[in-house]
Amino acid sequence: MIHTRAVVCALALTTIATGAYADQPMTGKMAKYIIAGRILSNRVCDNDRFYLDEARRLQSLAFDQVGKKLGAFEHGQETGLDMPESACEQLYIDAGNWSMLRPGQPSEAVAKQIKLLAAIDNNNCNWDDATKTDFDPPKYPAMVQASKTRLVDKEIHSIGYDRLIELQSLYGFETTMAYVDAGNSYGVSDNMTEICPIIEEFAKSLLGQ
């Protein structure tokens, strides 16, 4: 079983944005200038979430050095002007990855999601205490399927790993980890009869079942 706190600590940016409002983290040497331009020009996102001074610092740097940096910043400005509200979460994530996002407090629904993402990877629901072995077949198969790991760039990922990384970018490491720790405890608490079906239903929703 993979302990979620250990896994989620390794935040790695590996995806290059390919569209105007890509749903994956934006990376590359010019990414922070695009993001800064988008932060300063958008009209739909919560600007209180951003470190605007850092975005303006990059703006000044882009205008001082011109070239690719200015082009990237202006591209960010242009795409930010007509940005739909649905793209704000990705902008918050990108801003967080480039030190331009203030830590926020997740809603009750998001906090529950973080807790359950952690509980999927850290629970005793399929453990038979009488025989000291896993149930075979498992009592909660969706949970097992959702917690199966995959190797990505030498890091072990579960199905909820990428979402936890996004949430960490949105709300800050310490805030996210507090709910992850709560989820790790939730999955191994004594009231398995009540808790395990809740985790199982959440696992099914992740798997689209």
Side-chain angles (χ1 to χ4, degrees), residues 1-14 23-25 46 48-51 88-130 132-135 138-153 155-209:
M1 184 178 295
I2 303 302
H3 196 287
T4 311
R5 172 179 267 274
V7 175
V8 77
C9 286
L11 176 58
L13 302 177
T14 57
D23 59 358
Q24 296 293 324
D46 180 4
D48 289 339
R49 293 294 313 276
F50 301 117
Y51 286 119
C88 284
E89 180 171 304
Q90 187 58 54
L91 182 58
Y92 296 144
I93 292 169
D94 286 329
N97 289 336
W98 292 96
S99 303
M100 285 182 273
L101 185 74
R102 299 178 186 276
Q105 190 64 31
S107 66
E108 185 176 338
V110 172
K112 181 180 179 181
Q113 181 185 123
I114 297 171
K115 185 172 76 169
L116 288 172
L117 284 167
I120 282 176
D121 282 349
N122 196 66
N123 66 77
N124 290 332
C125 293
N126 285 298
W127 177 256
D128 185 349
D129 201 45
K132 306 301 181 186
T133 59
D134 288 329
F135 285 111
K139 291 178 67 174
Y140 301 98
M143 208 181 299
V144 173
Q145 187 178 349
S147 66
K148 285 181 178 178
T149 56
R150 57 193 173 88
L151 197 61
V152 179
D153 295 327
E155 296 288 345
I156 296 175
H157 291 209
S158 70
I159 193 168
Y161 174 87
D162 291 337
R163 181 57 180 162
L164 277 173
I165 291 298
E166 289 180 349
L167 291 166
Q168 180 182 325
S169 296
L170 283 169
Y171 300 108
F173 177 81
E174 290 303 326
T175 298
T176 307
M177 286 305 103
Y179 292 109
V180 165
D181 287 343
N184 286 331
S185 299
Y186 181 73
V188 296
S189 55
D190 294 331
N191 193 6
M192 292 291 97
T193 303
E194 178 183 341
I195 289 171
C196 291
I198 294 172
I199 304 173
E200 179 75 352
E201 286 305 308
F202 182 71
K204 287 179 180 178
S205 71
L206 287 180
L207 296 166
Q209 296 180 359

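For clarity, every value in this text was computed on a predicted model and none was experimentally measured.
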Worksheet, complete the sentence: The complete set of salt bridge (charged side-chain N to carboxylate O under 4.0 Å, His left out) pairs with one or both residues in residues 183-205, sequence neighbours excluded, reads E201-K204
Worksheet item: Between CD1 of I93 and CH2 of W98, what distance do you get to the nearest 0.5 Å?
Response: 15.0 Å
Discussion item. Using 0.5 Å steps for rounding, measure from the CZ atom of F173 to the CG atom of L167.
Written reply: 13.5 Å
Response to the item:
In terms of heavy-atom contacts, T176 and Q168 come closest through OG1-CA, 3.3 Å
Worksheet item: Rounded to the nearest 0.5 Å, what separation is found between the SG atom of C88 and the CG atom of L170?
Response: 11.0 Å
Fill in: Donor-acceptor contact below 3.5 Å, side chain N126 vs main chain D134
no
Discussion item. For the SG atom of C196 and the CG atom of N191, what is their distance to the nearest 0.5 Å?
Written reply: 9.0 Å
Discussion item. If you compare all heavy atoms of I120 against all heavy atoms of A146, which two are closest, and at what distance to 0.1 Å?
Written reply: CG2-CB, 4.0 Å
Response to the item:
In this structure, CD1 of I165 is separated from CG of N97 (nearest 0.5 Å) by 9.0 Å
List the atom pairs, with distances to 0.1 Å, where a side-chain N or O of residues 102-119 and a protein N or O form a donor-acceptor pair under 3.5 Å, not counting sequence neighbours.
from: R102; atom 1: NE; to: F50; atom 2: O; distance (Å): 3.2
from: Q105; atom 1: NE2; to: Y179; atom 2: OH; distance (Å): 3.0
from: S107; atom 1: OG; to: V110; atom 2: N; distance (Å): 3.2
from: Q113; atom 1: OE1; to: R163; atom 2: NE; distance (Å): 3.0

Worksheet item: Looking at D46 and Y92, what are the two nearest heavy atoms and their distance?
Response: N-OH, 2.8 Å
Worksheet item: Can you name the residues that form a side-chain contact (heavy atoms from CB on, under 4.5 Å) with S189, not counting sequence neighbours?
Response: M192, I195
Worksheet item: Among D121, I199, L206, whose side-chain contact (heavy atoms from CB on, under 4.5 Å) with M143 holds?
Response: I199
Fill in: Considering all heavy atoms, the nearest N184-N122 contact
O-ND2, 3.1 Å
